[in-house]
Amino acid sequence: MSAQNHVKRQSVSRMTAPGITARKGGEPIVCLTAYDAPTAAIVDEHCDLILVGDSVGMVVHGLNSTVGVTLEMMILHGQAVMRGSKKALVVVDLPFGSYEDSVQSAFKSASRVMMETGCQAVKIESGSYAAATISYLTQRGIPVMSHVGLRPQSVNVLGGYRARGRDQKVANEILANAKAAAQAGSFAIVVEGVNTKLADEVTKAVNVPTIGIGASKNCDGQILVTPDMLGLFTHTPKFVKKYADIKSVVETAIKTYAQEVKSRKFPSKEFTYKFK
Ligand code: KIV
């Protein structure tokens with residue numbers, strides 16, 4: 001089967017990148033991540049934007065950072081999320097190593113993601129090097145969401161996942177990165193792991209929406225990694241509010257199933273075929 005056969009084409013009624021940009025300073029933009037079709041279908045009902053984040057490497061594939069995530073992984077999960085959703089704008093992360101070295105390699109990766117998934121935009125982690133890439137992609141028909149502040153793909157340079165911008169030099173760099181990303185044509189900017197003051201400064205300095213994760217309520221929208229906010233993991237970052245405790249629900253269900261299989265309680269007659 002060709003790659004094209006996997007693609008679910010976007011419907012006209014989906015939220016668009018310009019539609020997200022137009023929400024600057026208005027009603028807060030609701031965003032979550034998704035990596036599979038059933039979760040995307042639930043998230044789609046309530047969110048303006050679904051991010052197929054490279055966090056998939058950690059929360060689904062068990063990697064200890066996002067550095068090992070490949071373009072093929074992002075495409076596979078992007079296809080699933082497109083099949084599961086119909087209203088939200090779907091943005092797929094470009095993974096580490098697929099866009100940083102030249103604008104041409106960024107276009108090759110981004111266009112492949114767009115063509116093979118049917119998603120409407122990509123996200124890149126945006127250091128000072130990124131403005132040229134954002135403008136190159138945008139001019140060639142690929143909406144770009146940028147990501148400043150704590151940039152998880154740089155974990156090996158940063159030495160961990162601590163909030164960023166404690167010293168003024170780094171705070172200034174983050175502000176400059178956000179301004180450059182907006183000027184280069186990003187339709188929105190994810191701001192991760194900064195304090196309220198810096199989130200506020202960034203939000204006021206750019207003319208596109210800021211989407212905060214661990215970046216206070218002063219951003220134009222919010223995003224969380226869905227498995228984190230559902231309580232699927234024991235360890236969650238400080239900024240994550242657990243809206244459910246799915247881990248204990250799953251644990252109880254699986255423990256009960258195991259007990260019922262061992263005691264032959266399951267499958268009872270109710271769950272057994274009976275031919276006439
Ligand atoms: O990969 C991801 O899920 C992200 C969010 C943390 C914004 O980039």
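Counting starts at 1 for both ligands and their atoms, following the listed order.
Across Val225, Leu224, Val91, a single residue satisfies side chain to side chain contact (heavy atoms under 4.5 Å, CB included) together with Thr33, and that is Val225.
Residue Asp48 comes nearest to Ile20 through the heavy atom pair CB-CD1, 4.0 Å, listed as atom of the first residue, atom of the second, then distance. Nearest heavy-atom pair, Pro227 versus Val59, reported as atom, atom and distance to 0.1 Å: CG-CG2, 3.9 Å. Shown here for Thr196 and Ser216, the closest heavy-atom pair between the two residues is OG1-CB, 3.6 Å. Nearest heavy atoms, Ala205 versus Leu175: CB-CD1, 3.9 Å.
Contact annotation: for Leu51 versus ligand 1, heavy atoms closer than 4.0 Å belong to the side chain alone.
The shortest contact between atom 3 (O) of ligand 1 and any protein heavy atom is with Ser55 OG, 2.5 Å.
The Ile213 neighbourhood of ligand 1 comprises atoms 6 (C), with distances under 4.0 Å to a heavy atom of that residue. In the vicinity of Gly53, heavy-atom distances shorter than 4.0 Å reach the ligand 1 atoms 1 (O), 2 (C), 3 (O). Remark: ligand 1 atoms within the under-4.0 Å shell around heavy atoms of His147 are 8 (O). Residue Asp93 has at least one heavy-atom neighbour below 4.0 Å for each of these atoms of ligand 1: 1 (O), 2 (C), 8 (O). For ligand 1, the atoms sitting less than 4.0 Å from at least one non-hydrogen atom of Lys123 are 4 (C), 8 (O), numbered in the order shown with element in parentheses. Per-residue contacts place Thr33 under 4.0 angstrom from the following atoms of ligand 1 (heavy atoms of the residue considered): 3 (O).
Contact of the Met15 side chain with the Cys47 side chain is not registered, since no non-hydrogen atoms from C-beta on lie closer than 4.5 Å.
Using 4.0 Å as the threshold, Glu125 has no heavy atom nearer than that to any atom of ligand 1.
Counting only N and O atoms by type, the side chains of Asn172 and Gln168 include a donor and acceptor under 3.5 Å apart.
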